[in-house]
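Presented below is the structure to which this report refers.
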Amino acid sequence: MSPSIQTYTVPRAERKHAPPKSKETVIWQTALKGAFSKLDPRLMVKNPVMFVVWIGTILTFLMSFNPQIFGPTQISQYYVIWVTIILFVTLLFANFAEAYAEGRGKAQADTLRKTRSDTQARKLLNNGDSQRVSASDLRAGDIVRVEADELIPSDGEVLEGVASVDESAITGESAPVIKEPGSDIASSVTGGTKVRSDYLVIRITTNPGESFLDKMIALVEGAKRQKTPNEIALTVLLAALTLVFLMVCATLIFFAQYSKAAVDVATIIALLVCLIPTTIGALLSAIGIAGMDRVSRFNVIAMSGKAVEASGDVGVLILDKTGTITIGNRLASEFLAVTGKTAKDVAAIAAYGSIGDTTPEGKSIIELARKMGVTEFPERENVTCVEFSAETRSSGVDMPDGSKIRKGASDAIKRFVQDHGGSWSDEIQKLVEDVARQGGTPLAVAKDGEVYGVIHLKDIIKPGMRERFNQMRMMGIKTVMCTGDNPITAEVIAREAGVDDFVAQAKPEDKIRLIQEYQSKGVLVAMTGDGTNDAPALAQADVGLAMNSGTQAAKEAANMIDLDSDPSKLIDVVSIGKQLLITRGALTTFSVANDIAKYFAIIPAIFSTSLPAMRVFDVMALGSSENAILSALIFNAVIIPLLIPLAMRGVKFKPMTADQLLARNVFIFGLGGIIAPFIGIKAISMGLHLFGI
Amino acid sequence: MSWVGYFILFLVASLLVTIGLGRYMARVYEDQHTFLTPILAPLENIFLKLSALNHCESMGWKEYTKAVVLFNLCCGFLVFFVLYFQNGLPLNPLHLAGMEPWQVFNTVCSFITNTNWQSYSGEQSLSTLSQMLAITFAQVIGAASGVAVCIAFIRGLTHRPLGNFYQDHLRTVLYVFLPVMIVGSLFFVSQGIPQTFTQQVVVKTVEGATQKIAVGPVASLLTIKQFGTNGGGFFNANSAHPFENPNAFTNFVEIMMELTVPMGLIYTFGLWLKDKRQAWMIWGSMMLLFAVSLFTAFHFEQAGNPILTHHGVNQLASAWQTGGNMEGKEIRFGIFPSVLFTTATTTTSSGAVNNMHDSLTPLAGLTPLWNMMLNIIWGGVGVGLMGFLLYGIVAVFLTGLMVGRTPEIFGKKIEKSEIILASIAILAHPLLILLPTAISAVSSFGLSSLNNAGPHGFSEILYAFTSGAANNGSAFAGLNANTPWYNISIGIVILLGRYISIIILLAIAGSLLHKTKMEPGPGTLRTNTPLFAVVWLSVIVIIGALTFVPALVLGPLAEHLQMLAGTVY
């Protein structure tokens, strides 16, 4: 599916004056602008690692006018100018990374904002008149009327009318959905969606700036982005490491003075910038923004970055059976006949009885009967359809000849047969029980007083679910199926689908109890839901994914909303959450591991003039001090843009156990982080030699 | 005995003390019955009644910390009083004067914190009463405070209430220290170590000269000095003195005594965590770091000084000589037992010495510095394990993300507050070493105490502050530490080195205690695997060591390189 949310379209007005720009161009332009505008010290100070680089750049900038400004030194002005330029570029790279990630979100937000900006609404007044107002003037409680081909101005609840609504602006789903008053799900409408046919009278439920669309815009834009708890903790640790190295470099000046080895301020700043974790410091916020962005590309809106982080930690997924594990409906799989009847007889009677039945179950009965060779059906006009009702718990048709065909729950049919002078044999009872024991739903079929047999209705498990549950298990995530079915049915489906556990005959309050039970054991729980009665459980769960088709209450209680209303996406969200955390950990490890090579480049460079024996540590044979320091510094700078694609895309994540993941990532990013800079710095050094440095 | 046999014996003894004391301590602090309970429980009750502590309630981390600090402060005043007024107090047969105030300050800081840095010379400046009531007493209560804090920290990590400091302290003294002190002192006396109120024996030598030989209550002080990883010796020469370490047997026992409590605590931790594998993983990691230091030192000591080889001196080991560098070592021990002692004393926070670290070859001299800079191998009674676990928290935080979950250790989530605390601890240690070293290295009051120039002099300063910050107390020698600057600055470094880490670790324990324990599963990062041991050690080496690389380069490494070039200091 290619939802419209992903494509960026430039507003028409702009197109008249300028040639169309691609989405990438726009992002690049904003990012380049951001790289400079973010140099503002008030913004820089929020990132302690890069702020230290910022201060260092200012100091070397001053030195580049007069290298002697902080005391006598032998270094050349060119060298200081080069150091300043590289430091400045390091800052730009870091800012660019963040601005680029933000730019992607902004591009999406612009598309959404367009739908909001110029909506007009027809507000109904108390006296029955209507008045044209701007959508932004509507308050909660106002009542509006929306005609065909008009945009729904804000989130609300349908009071009157039945209409088809195009929600593709929000969901990307092109098929319109029916909205009507009364029902839980179908009565809630979202601002920015369009009425396709008929009209709706809507009571607005949100104030300006608080609607779902507003929230979405703010979320994808990252305007309200707050650092997640883990990101804050990591920032603290990175700041502490920065302080440690600041201390190392500051005291080194005194140590060198004792050793009569002159070191200049520019070189000390270069050493400091190399040692502090600039790589992760530069990419940290970009990783967070990109993680949110990946979620929204999946057509899921995360209400906070914290929710995405939490989904990586989830230990239990609570999944509704219907719609998540199985396709929404049960389908006929078999006809079982009593002695004296054939399966085809049962098929024929069952199919006749389903002529008026438009439910998927009914359709599947006819389809299966056709496959078994039942070709002739009575005309629909000639029969009287008896619809399913809660009292009779059966449905069927009254045939032209006056005979009555009924299908339904066994006890209902038993009563029907007995009322018509027939009897309920042990055989039919056994057939019913057999089907139930296999996890199916038995529907008994009878014609007047005569029992024909049983239709075996079966849950159909969505393709690929078993594999996904296996992957979950490998990642250490337990899957629990919740269903209103009886325990026997539930168990069969659970076994067939491969979930770890199930709760049968579950009521909404059971879900909350289950969530609390797991949470008290320190397990994070994720669940999906759409109805109002799911709202408390969605709020209780650590990750609550509401379906966009669901009620406003469910959406408000959840911390993520799936625009495609596909509950099985919860599984993908977990993977994205894990990927976000892995990327953060991997780049931190890489950044810190880099320090070893940088020490080997810079320490001999600093001291080899006064203590020539130090050259033995120059394992990379970098040559002159200036060459070594500049090489390390350039490596430190260019590694940032080189890793931007990885930060955006996230480290590749395959479901495996924690031990396997750790081994793999420690090997790539830990060992790689130790080795890569040795190669990189040497290569840059050789390049600099070509320029005679 | 060859070094191979010696090392195997050492390993076997280490395993025995780890399991033996580990099990015993796990029972003692869990209020379970031990073989000593029938004798010691009544004694414990008397003390608890006397101190009105018969209702020992578990403390919160703040309360626990307050108790530690207050208790140590009170003991500090007592020690101050005894040392300062020793001339007016009994048991001072030689009528020694009271100690200078700054030196008392330094000594009090040093002894109540289990550091036992000595800027005084025991047999020349302390009365018998001071040796007993100030020095021996402080070594008992300082060490017991460390054990109590470590026990509280372990409790916090293993989902138990932190406990009551006074009870933990009392139990440590009664159940752990007292039996060992009785048995240990008797053993040392049997080996010829003095235990007497006499302060001096005057003898006529065969040449007819008069010699005054210092004696005193050595055996009892020695036992707690070693067993409590204190290291503050009776004599200035510490365990190199024949009355403090007469033979190879006592030397081995002294080494093992230093390691017993730190090793045992690891096993206690494993038992309480119900994860012995984790304990052995930590034990094995520490033993690995230990062995690397030990054999590095051994290699360079056995190789001797290349300049001497150049002048035709035979430094090879043979039946007739130990070979290698014997400067500053005792002939009765030889090279391997000496470097083993050095490594044991600087990996634990003991600081006792049986050879002069100042005389080690440069790179062998680097190893004790390295051990104390890391400050996480074995550690003083308690703090080493705490430091190691602190790095575990950082390791889990840096790499744990790579398994796709927010970091957790032993089932507890590591969040902002723990990281802030861990960051302070990680910052404090290098700051306490590097900052005063930097000041000393460029100031007249710092440089005037140096006996050697060049990188060796730098190492002397660096060693002093490293030893103080790590609460080790061993001295490199060669630096006159009895000046106002060094007495005050080292005293402050010692205090901060001790109490910052105690407060932080108790705070972490308190904060982790209240978190829900996560159920481990296949998606959880396991911290007891060899793979994680590699990660853990890498984080220790990269973060712990990279901080000190420039200082080590300018000190011992520069000296080594210049020695190869033919210059000595």
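All chains are named by letter (A, B, ...) in the order of the sequence lines, taking the proteins before the strands, and each is independently numbered beginning at 1.
The most heavy-atom pairs under 4.5 Å with chain B, out of A:I477, A:I280, A:L661, A:L580, come from A:L661. When A:A250, A:G577, A:S575, A:A586 are compared by the number of non-hydrogen pairs under 4.5 Å with chain B, A:A586 comes out ahead. No other option in A:T588, A:V523, A:T589 has as many heavy-atom pairs under 4.5 Å with chain B as A:T589. Considering only heavy-atom pairs separated by less than 4.5 Å from chain A, the leading option among B:S538, B:G555, B:A438 is B:A438. The most heavy-atom pairs under 4.5 Å with chain A, out of B:T547, B:L525, B:I461, B:L546, come from B:L546. Interface remark: of the candidates A:G476, A:A663, A:G670, A:G476 forms the most heavy-atom pairs closer than 4.5 Å to chain B.
Neither the backbone nor the side chain of B:A422 comes within contact range of chain A, judged by heavy atoms closer than 4.5 Å. For B:L447, the part lying under 4.5 angstrom from a heavy atom of chain A is the side chain only. Residue contact with chain B, scored on non-hydrogen atoms closer than 4.5 Å, involves the backbone of A:S520 exclusively. Both the backbone and the side chain of B:V553 come within contact range of chain A, each with at least one heavy atom under 4.5 Å from a heavy atom of that chain. With a 4.5 angstrom heavy-atom cutoff, B:L431 touches chain A via backbone and side-chain atoms both. Looking at A:Q579, neither its backbone nor its side chain comes within 4.5 Å of chain B, counting heavy atoms on both sides. With a 4.5 angstrom heavy-atom cutoff, A:T657 touches chain B via backbone and side-chain atoms both. Neither the backbone nor the side chain of B:K412 comes within contact range of chain A, judged by heavy atoms closer than 4.5 Å. Proximity to chain B is limited to the side chain of A:Y599, based on heavy atoms less than 4.5 angstrom apart. Using a 4.5 Å cut-off between heavy atoms, A:M656 makes no contact with chain B at all. The contact between B:T437 and chain A is made by backbone and side chain atoms together, counting heavy-atom distances below 4.5 Å. For B:I543, the part lying under 4.5 angstrom from a heavy atom of chain A is the side chain only. Contact annotation for A:V314: only backbone heavy atoms (N, CA, C, O) come within less than 4.5 Å of a heavy atom of chain B. Heavy atoms closer than 4.5 Å to chain A are found in the side chain of B:I542, but not in its backbone. Looking at A:L237, both its backbone and its side chain come within 4.5 Å of chain B, counting heavy atoms on both sides.
Heavy-atom neighbours of B:K515 NZ from other residues, nucleotides or ligands within 6.0 Å: above the threshold of 12. For NZ of B:K416, the number of neighbouring non-hydrogen atoms (other residues, nucleotides, ligands) closer than 6.0 Å is 12 at most. Within a 6.0 Å sphere centred on CZ of A:F667, other residues, nucleotides and ligands contribute 12 heavy atoms or fewer.
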Step-by-step side-chain contact (heavy atoms from CB on, under 4.5 Å) determination, B:L434 to A:V248: CA-CA 7 Å; B:L434 296 177; A:V248 169; 4.1 Å; yes
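Atom CG in A:L241 sits 7.5 Å away from atom OG in B:S423 (nearest 0.5 Å). Atoms OG1 and CE, on B:T524 and A:M475 in that order, are 13.0 Å from each other to the nearest 0.5 Å. A distance of 9.5 Å separates CE in B:M402 from CD1 in A:I668, rounded to the nearest 0.5 Å. Annotation: the span from B:L554 atom CG to A:L252 atom CG amounts to 6.5 Å, rounded to 0.5 Å. The CG atom of B:L401 sits 11.0 Å away from the CG atom of A:L662 when rounded to the nearest 0.5 Å. Here the straight-line distance linking atom OG1 of A:T251 with atom CZ of B:F548 works out to 9.5 Å at 0.5 Å rounding.
Annotation: side chain of B:P430 is in contact with side chain of A:M247 (closest heavy-atom distance under 4.5 Å). Residues A:F617 and B:L557 are in side-chain contact: their nearest non-hydrogen atoms beyond the backbone lie under 4.5 Å apart.
B:T406 and A:D313 form a side-chain donor-acceptor contact under 3.5 Å, judged by distance and modelled atom types alone.
When every heavy atom of A:F254 is checked against every heavy atom of B:V442, the shortest pair comes out as O-CG1, 3.5 Å. In terms of heavy-atom proximity, B:R405 sits nearest to A:G312 at CG-O, 3.7 Å. Residues B:V403 and A:I582 approach most closely at C-CG1, 4.0 Å, considering heavy atoms. Among all heavy-atom pairs drawn from A:N230 and B:P407, the shortest one is ND2-CD, 3.4 Å. Scanning all heavy atoms of the two residues, the minimum distance from B:L427 to A:A240 falls at CD2-O, 3.9 Å.
Using bins of under 30°, 30° to 60° and over 60° for the plane-to-plane angle, the ring pair B:F458/A:Y258 lands in the tilted bin.
The list of salt bridge (charged side-chain N to carboxylate O under 4.0 Å, His left out) pairs with a residue in residues 653-677 of chain A, not counting sequence neighbours, reads A:D659-B:R526.
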